[in-house]
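Convention: sequence-line order gives letters A, B, ...; per-chain numbering from 1. Keep in mind the model is a prediction, meaning the values are calculated, not measured. Note: hydrogens, waters and symmetry copies are ignored here, and every other heavy atom, side chains too, is used.
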Protein chains: 2
Amino acid sequence: MKPASSSSSSSASRAPRRKAGTHTIHDVAALAGVSAITVSRYFNAPEKVSAAARERLKEIVDRLGYVPSQMAGGLASGRGRVVCAVMQNIASSTFADLVNGMTDELKASGLQLLLANAQYSRELEESAIRTFAGWHPSALILTRDDHTPAAEAMLQALHIPVVEAWGLVEGRPFHQVGFPHPEAGVQLAEHFLAQGATRIRFVLPRASQDFRAEQRAAGYRQAMQAAGLPPDVAVAEVDDDYEAGARAMAAHAAQAPAARPQALVFANDNMAAGAILEAPSLGLALPRHAAIAGFGDAPISVRLRPALTTLRPARYEIGQQAARRVLGLLAGARNEAAAATRTLVPCTLVVRDSSRVGR
Amino acid sequence: MKPASSSSSSSASRAPRRKAGTHTIHDVAALAGVSAITVSRYFNAPEKVSAAARERLKEIVDRLGYVPSQMAGGLASGRGRVVCAVMQNIASSTFADLVNGMTDELKASGLQLLLANAQYSRELEESAIRTFAGWHPSALILTRDDHTPAAEAMLQALHIPVVEAWGLVEGRPFHQVGFPHPEAGVQLAEHFLAQGATRIRFVLPRASQDFRAEQRAAGYRQAMQAAGLPPDVAVAEVDDDYEAGARAMAAHAAQAPAARPQALVFANDNMAAGAILEAPSLGLALPRHAAIAGFGDAPISVRLRPALTTLRPARYEIGQQAARRVLGLLAGARNEAAAATRTLVPCTLVVRDSSRVGR
DNA sequence: TTGTACGCGTTATCAT
DNA sequence: ATGATAACGCGTACAA
């Protein structure tokens, strides 16, 4: 079976390409006695297909177990039915709740959520965005607002909706859903200031971690200065949050009672939990010897003794709203240059026993 | 955007399809003075491209910010560069660790991990598998072994590696990585039996939750019966694990001391934590009034007082091994009918203060 | 080591 | 409401 034509390799039959093994839209179309495009419309715009055809197609699709190829569809339409999200720490319950909110909201739309974990690193975020670019996503959801210049350039070049979820800052070119983290620091500081405390310490996790925590610390600083009091920010020396909290408590116990801060604001609930759990073995009775507050409203917080006062961000709702914004932007695709919107999903201060300032 | 089409103004039949807006492999090829296939090889098999071409291509790819289209590549090659995983509860730290293990292991391979959340429901798992089928994944990772018949059929029809991670049972047609959960129940029961305890209670979360917990309970039952003792399994009446643990402890306190179980095995660490945190307000001193053990080794467990004895599954490692098995199967693609393998990643019993049986 | 020709399965466009 | 045709961007097979 050599190609007879020695000259320009003409119509010589090539080896048939290996089939993917699954059914294609043409199999379905042939069985239903319609053309492929009708099957396509059956999936993408059922109302444009006659009821009769719809019924026959449903039966055949079910029988064959046919599932449209996302890759072929994405290639043909120029956009993948994918929303990509870059989280900072998949293992934390915070981001898990965000993801749940997004997933639930996107479920009905047929959009698949693609996740990446950047571990609080801008460089990893950039790399994730680059990877995602290959999927031609319909939209992108990020969880920070200080991208690398390269990442920022890619975001502009993609020409798709970009939503920054979790924080809320001014002057960004992208849509945002979340709350201003400095404001959260202010809220916590004022909770203690209102009780007449004058020595309030803010405890940060070890550097190079959650940059949001530092924004909250900045808010705390500002509130202290506004009250004419000296800010007092301590930074943990260990990575484990519980351990860091426990050590902060030990440092507290080591100070002379009169010099001790009256209140400790921890950058997150895990640190605060570590502190509360450690207190008894240090001979400290809470909240008398130290009023405590955290951030995040972890599930454990209400169980601690004393129960932990904390700030509760609406995590699930932020994920949901971010996804909803994406869907809205995709639907009303026209408003290209529409101004970036900012959606506030506020935190709630949850006051429990741990934050009663001793007198 | 320059028209990449070589055929010029002939047969102006149709409107040019809207471009995706990004660069294509041909843009890169043209700038480098090579053909498209060379660019393709530069990405997929760099060693087959001359060093000179490689260097020029690197420069151009960087300058353009070109990223190959996953959809076009997947469509052309018949398999997407995607591994799909169905988790049962994304919000739990258990599954987060699994995901981290998988992600890290897959990172270098260029395979993208697609996640779905089935919330302990077989039906949702089936639906996730159906959705995933449209992506023509290279492999599938699941976290249960009791799929619906329809799901099972799809798994067979996909003709791709399937790995069941987390549990380990006999007689399954798919590869497995994990540990036998009943065995975990046995381990915990025996830890208390070895201390001479005769009244040991197992506390399950509310029904319709984690079916693995019930497998562990079955192991506990078996160990008790083997020791000639009556099993005592309590089932929680509330969904919140902490609350369930607290209530179990209250029920314990309400019993006459002589009739109380000497030891409580909780189906997970969250329940155990709820119990330990509640004990002081019930007037119970642990472990004297109740020896406690959990399962999972949550981060909080070592912080509790008394610190919680628990079983530590190597979650990250299970995720990693599952991904590694996938990569192995994809590399040595030949062994189609190779027998399903089972990889044991054992649990470690972590003994702390909470489980000392009072005498 | 590099290039040519073709088709992967779907949807956009135009036509009926 | 339905169909014919031509892409979408890339990788496989084969040739040089």
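The nearest whole Å value for the distance from the NE2 atom in A/H136 to the P atom in C/dT11 is 17 Å. Spacing between atom CZ of B/R81 and atom P of C/dC8 amounts to 21 Å, rounded to whole angstrom units. Taking atom NZ on B/K48 and atom P on D/dG11, their separation rounds to 13 Å, with Å as the unit. The distance between atom NE2 of B/H26 and atom P of D/dA7, rounded to the nearest whole Å, is 14 Å. When the P atom of D/dC10 is taken as reference, atom CD of B/Q70 falls 10 Å away, rounded to whole Å. Atom CG in B/D27 sits roughly 11 Å away from atom C1' in D/dG9 (whole-Å rounding). Remark: P of C/dG9 and CG of A/L75 are 12 Å apart, rounded to the nearest angstrom. In this structure, B/I25 atom CD1 and D/dT12 atom C1' are separated by 13 Å, rounded to whole Å.
Within residues 28-44 of chain B, the residues that place at least one heavy atom under 4.0 Å from DNA chain C are, in residue-number order, B/V34, B/S35, B/I37, B/T38, B/R41.
Side-chain contact annotation: A/E126 with A/H147, donor-acceptor N/O pair under 3.5 Å absent. The closest side-chain donor-acceptor pair between B/T343 and B/Q321, if any, does not fall under 3.5 angstrom. Using modelled atom types and a 3.5 Å distance limit, the side chains of A/T341 and A/R325 yield a donor-acceptor pair.
Taking the nucleotide of DNA chain C with the nearest heavy atom to each of A/A72 and B/A53, the more 5' of the two is matched to B/A53.
Distances shown here put a side-chain N or O of B/S50 below 4.0 Å from the OP1 or OP2 atom of C/dT2.
Under the 3.5 Å distance criterion, the side-chain polar atoms of B/R122 are matched with a main-chain donor or acceptor of B/D146. Distance alone, capped at 3.5 Å, places no donor-acceptor pair between the A/T143 side chain and the A/E164 backbone.
Nearest heavy atoms, B/V61 versus B/V28: CG2-CG1, 4.1 Å.
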